[in-house]
*Asks:* 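Can you keep this structure in mind? I'll have questions shortly.
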Amino acid sequence: QLQLVESGGGLVQPGGSLRLSCAASGFTLDYYAIGWFRQAPGKEREGASCISSSGGWTNYADSVKGRFTISRDSAKKTVYLQMNGLKPEDTGIYFCAAISMDLRTEYCPHRVTEYRYWGQGTQVTVSS
């Protein structure tokens with residue numbers, strides 16, 4: 001069974017950093033595009049960043065551009081989201097998601113409906 005497990009969330013002060021991890025079990029991430037999404041209380045889930053199956057294409061929401069960096073480590077079957085310069089508005093539950101995609105496709109989807117597999121999420125709270 002394909003499973004994704006997020007970790008690395010926590011409480012951090014404004015301006016601080018966190019690194020989220022999305023680990024796969026039951027399959028290799030090599031042939032999957034991965035997206036990071038977040039959901040604040042009372043709001044819809046929104047895309048933060050995504051990375052193509054090859055790792056050669058990345059995309060960021062305007063709200064996180066320049067502060068977040070997505071990367072993948074095939075050997076560890078893990079995708080990371082490095083978050084720097086965190087702001088209170090970054091608070092929410094962060095989810096990773098996967099969709100099967102050819103390695104030659106230099107693209108990653110950014111809509112919730114385009115992903116098939118989801119993790120359970122990890123809480124990120126930015127507060128002083």
*Asks:* Around atom CD of Glu44, are there more than 12 heavy atoms of other residues, nucleotides or ligands at under 6.0 Å?
*Replies:* no
*Asks:* Might you point out which heavy atoms bring Ala61 and Gly47 nearest each other, and give the distance in Å?
*Replies:* CB-O, 3.5 Å
*Asks:* May I ask you to decide if Gly121's main-chain N or O and Glu6's side chain share a donor-acceptor pair within less than 3.5 Å?
*Replies:* yes
*Asks:* Angle between ring planes, Tyr107 versus Trp57, binned at 30° and 60°: parallel, tilted or perpendicular?
*Replies:* tilted
*Asks:* How long is the gap from CG on Asp73 to OG1 on Thr78, to the nearest 0.5 Å?
*Replies:* 6.5 Å
*Asks:* Ignoring hydrogens and geometry, is there a side-chain-to-backbone donor-acceptor pair from Arg72 to Ser52 under 3.5 Å?
*Replies:* yes
*Asks:* Using the rule that two of Ile, Leu, Val, Met, Phe, Trp, Tyr join whenever any of their side-chain heavy atoms come within less than 4.5 Å, decide whether Ile93 and Met83 are in one cluster.
*Replies:* no
*Asks:* Measure across Lys43 and Gln39 and return the closest heavy-atom pair with its distance rounded to 0.1 Å.
*Replies:* O-NE2, 3.1 Å
*Asks:* Which value, rounded to the nearest 0.5 Å, describes the distance between Leu29 atom CG and Ile34 atom CD1?
*Replies:* 4.5 Å
*Asks:* Compare every heavy atom of Tyr115 with every heavy atom of Gly35, then report the nearest pair and how far apart it is.
*Replies:* N-CE2, 3.5 Å
*Asks:* How long is the gap from CG on Asp102 to OG on Ser54, to the nearest 0.5 Å?
*Replies:* 9.5 Å
*Asks:* Run the side-chain contact (heavy atoms from CB on, under 4.5 Å) test on Ser127 and Leu11 for me, step by step, so that the C-alpha distance in whole Å, both residues' side-chain angles and the decisive distance to 0.1 Å come before the verdict.
*Replies:* CA-CA 7 Å; Ser127 174; Leu11 173 63; 4.3 Å; yes
*Asks:* Does the plane of the ring in Phe27 sit parallel, tilted or perpendicular to the ring in Tyr32? Use 30° and 60° as the thresholds.
*Replies:* perpendicular
*Asks:* Could you tell me whether the side chain of Arg38 and the main chain of Gly92 form a donor-acceptor pair under 3.5 Å?
*Replies:* no
*Asks:* Begin with the C-alpha distance, continue with both residues' side-chain angles, and end with the deciding distance and a verdict on salt bridge (Lys or Arg N to Asp or Glu O under 4.0 Å) for Lys65 and Asp62.
*Replies:* CA-CA 5 Å; Lys65 202 169 291 183; Asp62 288 342; 3.2 Å; yes
*Asks:* Would you check if the side chain of Tyr117 reaches a backbone N or O of Ser100 as a donor-acceptor pair within less than 3.5 Å?
*Replies:* no
*Asks:* Side chains of Thr122 and Ser7, heavy atoms from C-beta outward: is any pair under 4.5 Å?
*Replies:* no
*Asks:* Between Ser49 (side chain) and Asn59 (backbone), is there a donor-acceptor pair under 3.5 Å?
*Replies:* yes
*Asks:* How long is the straight-line distance from CE of Met101 back to CD of Glu114, given to the nearest 0.5 Å?
*Replies:* 7.5 Å
*Asks:* Would you kindly confirm whether Phe95 and Trp36 end up in one hydrophobic cluster when ILVMFWY residues are joined by side chain heavy atoms under 4.5 Å apart?
*Replies:* no
*Asks:* Surrounding CD of Glu106 (heavy atoms of other residues, nucleotides or ligands, distance under 6.0 Å), is the total greater than 12?
*Replies:* yes
*Asks:* Are Val124 and Val64 connected into the same hydrophobic cluster when the rule is that any two of I, L, V, M, F, W, Y join if their side-chain heavy atoms are below 4.5 Å apart?
*Replies:* yes
*Asks:* How far apart are the closest heavy atoms of Gly85 and Ser17, and which atoms are they?
*Replies:* N-OG, 4.4 Å
*Asks:* So do the side chains of Tyr60 and Ile70 get within less than 4.5 Å of each other, counting heavy atoms only?
*Replies:* yes
*Asks:* Would you find a donor on one side and an acceptor on the other, under 3.5 Å apart, between the side chain of Thr91 and the backbone of Val126?
*Replies:* yes
*Asks:* Where do Leu20 and Gly9 come nearest, in terms of heavy atoms and distance?
*Replies:* CD2-N, 3.6 Å
*Asks:* Classify the angle between the aromatic ring planes of Phe37 and Trp118 as parallel (below 30°), tilted (30 to 60°) or perpendicular (above 60°).
*Replies:* tilted
*Asks:* Closest approach of Leu2 and Gly26, non-hydrogen atoms and distance?
*Replies:* CD2-O, 3.7 Å
*Asks:* Between Tyr80 and Thr69, is there a donor-acceptor pair closer than 3.5 Å when you use the side chain of the first and the backbone of the second?
*Replies:* no
